[in-house]
Each structure stands twice: as C-alpha cells, then as structure tokens.
Number of protein chains: 2
Amino acid sequence: MKNRYIANISYDGTNYYGWQVQSKHRTVQGEIQRVLTEITGQTAIVHGSGRTDAKVHAKGQVAHFDLAGNMRLDKLQTGLNALLDPDIRVNSIKQARSDFHARKSAVRKEYRYFIWNDRILMPFLRDYRTHILDRLDEVTMAKAARRLIGRHDFAAFSANPNREIEGTVRELYRLDVRRYGREIRIIAQGNGFLYKMVRSLAGFLIQVGIGKLGPADGPMILDTKTRTAVVPTAHPQGLFLWKVFY
Amino acid sequence: MKNRYIANISYDGTNYYGWQVQSKHRTVQGEIQRVLTEITGQTAIVHGSGRTDAKVHAKGQVAHFDLAGNMRLDKLQTGLNALLDPDIRVNSIKQARSDFHARKSAVRKEYRYFIWNDRILMPFLRDYRTHILDRLDEVTMAKAARRLIGRHDFAAFSANPNREIEGTVRELYRLDVRRYGREIRIIAQGNGFLYKMVRSLAGFLIQVGIGKLGPADGPMILDTKTRTAVVPTAHPQGLFLWKVFY
C-alpha cells in the first residue's frame, strides 16, 4: 500500500538541464528522485505539473510521488532540503488523495516572464531577467497581449506543435504586461501551455514593444497556425513557473 | 599626461576571491584590470574604495584609475561591460580631478547586511542572504545596534586588529536594524570600517536576536578591545558594499 504525496517546489534553473530526467545531464526531477531514494530507500517517479526548460525557474512547481509506508511529512521535507543543493527547495509536502495527479489535475497554470529594460542589468539579476536595452512600449505590449486572451489554436506560438499529443488549442485566461520602473512583468495564466509557448508569447510581445510588430499582428499570427521566424523565442532566464492551480 | 577616471561598479562576489588582486585566484579588481588592459593597451591599477572579501557583493563600489590619452567615457564603459562577465557591471564612468582617490577621499561608507529569517531560503536568494532559521527579535537587535553608534575603538569587532595601519578607532554614524517580513536588513554607515567589522557587527546582532547576548553586551565587548569567540563573523553572502560617499 503506497501513499501519495504532493510537494511544492522552488528552483533556480540556471544550473539544470530543465525539469525532466535525462540520462546524461543534471535535471531538477532527477535530483529530487535521487535524493528521495537516498532518504527512503525507495525508487519513486516525481511527476511534475509540467516540464520546464534549461535555465527556466520555478517559484511554485508542484509534483506528486508515491511511497510505501507512512512518512512523517516534516521529516521528509527537512531531509530533502538537507540533501538537495540550495538551488532547489521543497516549500511544503502534504499527503494527497490517490487520484491526485500533478499534471492531469491542474486546472490553471501561471507563468511570469521578467524583462529588465535598462542599459545595465544588475549582476544580482543576471540569471533571472531577460535584458532588453531598447526602450519597450509597455502600453502597446499590453494592448497586443489583450488580443491573445481567450481560447485559440496557439500552434504559431509553439516551438514544436506536432509534438503536442493533446492538440494545440489552449485557453489563455490572462496575459498582463506591466512596467515597474526598469522592469516589465508579463503574467500569463491559462488552462495549459504548449512547448515554449510563454517564451514565444514573450518574444512576440518584445517585438511589439520595440515597434517591429503591432497589436493587430497577434490575431493574424494565430490564424496562420504555423510557427515562423516572425515570433522569436525569448530567453529562458526571464521565465518562472509561478503557480499551479488545482 | 594621464587622466584619472572614477568608476561606479556593482558585482556579485559569489564567484570571486574578493576584490583585491591575487596571483592565483580570480578577483574583481583583477578582472577589471585585465579587461581595461585589453581595451586600452595600457596597464592600470584600479584602486577601489576598499576591499571586499570572497562572496561579499557590491552594489556601489567606487574605484579610480589613470589612463594616458583621452578616452570617450561611454565607449570605455560599454567596452568594459562587453568584456566583463555579467556578474561585474560598470554602472558609470566619469573623469575625476587628479587628486581624487577612491579610498582616501571617501568620507563615509554604507554597508548593508541581509538576513533571511524563515524556515526556507528561496533558491533565488541563496547567494545574497544569510539564512537564520531561529526567529530573530529585531526590536532588541535594533536596541543593541543603537548602543554601538558613535566613535569607538572597534578592535573587538575586527578580525585582525593588529593589521589596521590606521588604528582601530572608527565612527559609526548609523546602525539600523529593520524587519521587512521574512527579511532583516542591517544598514551600517561609518567613516571607515575595520577588517570584517560589518560581519562582526552582524554576527553580534544575530546573537542578540536569538537571545544569547543582550543590548548591554555591546558596550562591554567594545571595552575589552579584544576579539573573542563571543562575537561570531556572520557569513559573507549577506553583505553588500552599498554606497561610498565623497
């Protein structure tokens, strides 16, 4: 008889080849599984709510895993944090119903994309912000963002639409662009995101911000349902998986 | 005929053996001097306002150096930032009077020490905060800090008082302790600081915060003029050289 656990996890993706286990590279999932085995003596797959790419961060990734026996939750959390490197932290662990699934049970996800829009990027933010020197017009970016909200085929904003087994239609509930001084924050909420979709949306919005594309281009690009070089993929280090809703 | 320049510099000290040039290790001064030579073909000593230790950061370190010929300031700044790693940034460069000296002309310096006072330290702050799990009493810490303000012999709060060629008396203008949620910030301003003095003050204040020492212990420790194990040196990663006043 195994019990299911849910963990809320933060990580700095700088030194990892993304979330998903790879045979030759260090990944967040791989590290957590390795440490979990070290603590419990059991082999468990740590199922995340979704993958994140190399250098992408998470403030609130959620993952579930099954373990035999009864674990003391605080001991499990303390043990994981003691053995993991400080760039991965388990914020909380709780027991879950056996039908809970970190990916399938998620009803909404929030990503945040952070742009530093100034001549100099502070050293302390170098791994956590995309640096854009040209002054971005955040008002026009926000206009362009609003025209992408809703249920659409986002194939043109995905890196590899043919890979998506659940199709390429997703609903975007929220896509906000706001400036906070030298920083621009993009907040994206949706019922799911295609591969590299947030970075493609951010790449598109940056093009709008520097005046190379306009708000009307968003719906036109959606209509093509084809990814082209018109939409660049913004750098990974500005991206955070912020919150998963269940 | 050489001209003197002043640079304002930020750096993340995590990957450096401190400010000062060392033959075998990578240092901030060493990197800037190397890149300066690469750009100008000239060898110049980059005189900082003071040293910082390994893993200590700077938001506003100030340094001066002399170069022959007339340099375009914006080109010099852009060139330095292009060749330096992104964990060192030159925020500004201006020309200085020939009698300006980054260390000797400084009239006041400000350091800030950041403590993360919660069970979990976010991965993104791991190199920029000292992590203290025990709940710190910031009100008592602030009281203890106020009793250290003024002109004193700070030998008991220095790592190596015999090394100080200008003696061990310094004036502390300001020593503030404030809590901002899970974070505690110590701001220290003085006319100069002894070797490891801010980290020793922070180490003392942390002992007060956890109740091992009290506000009355500060003046008593000062009076001993001797460094003992009663005052621990707080970790380097919480410390920032914040601003140098001229």
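Order of the sequence lines sets the chain letters (A, B, ...), proteins ahead of strands, with each chain counted from 1.
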Quick check against the 3.5 Å criterion: does A:R199 have a side-chain atom that pairs as donor or acceptor with the backbone of A:K196? no
Check for me whether the distance between the ring centres of B:F240 and A:F124 falls short of 6.0 Å. yes
Less than 6.0 angstrom from the centroid, inside 45 degrees of the normal: does A:R129 satisfy that with respect to the ring of A:F114?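 So A:R129 does make the cation-pi contact.
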Is the A:H101 ring parallel, tilted or perpendicular to the A:H47 ring (thresholds 30°, 60°)? tilted
Sole candidate of B:K59, B:K243, B:Q189 that passes side chain to side chain donor-acceptor pair (under 3.5 Å) when paired with B:E110: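 That would be B:Q189.
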In residues 6-35 of chain A, which residues are in contact with chain B at a heavy-atom separation under 4.5 Å?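 If one takes a 4.5 Å heavy-atom cut-off, the residues of residues 6-35 of chain A near chain B are A:S10, A:Y11, A:D12, A:N15.
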Where does A:L121 contact chain B at under 4.5 Å (heavy atoms): side chain, backbone, both or neither?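 Only the backbone of A:L121 comes within 4.5 Å of chain B.
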Are A:V107 and A:Y246 close enough that some pair of their side-chain heavy atoms sits under 4.5 Å apart?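 A side-chain contact is absent here, since even the closest heavy-atom pair is not under 4.5 Å.
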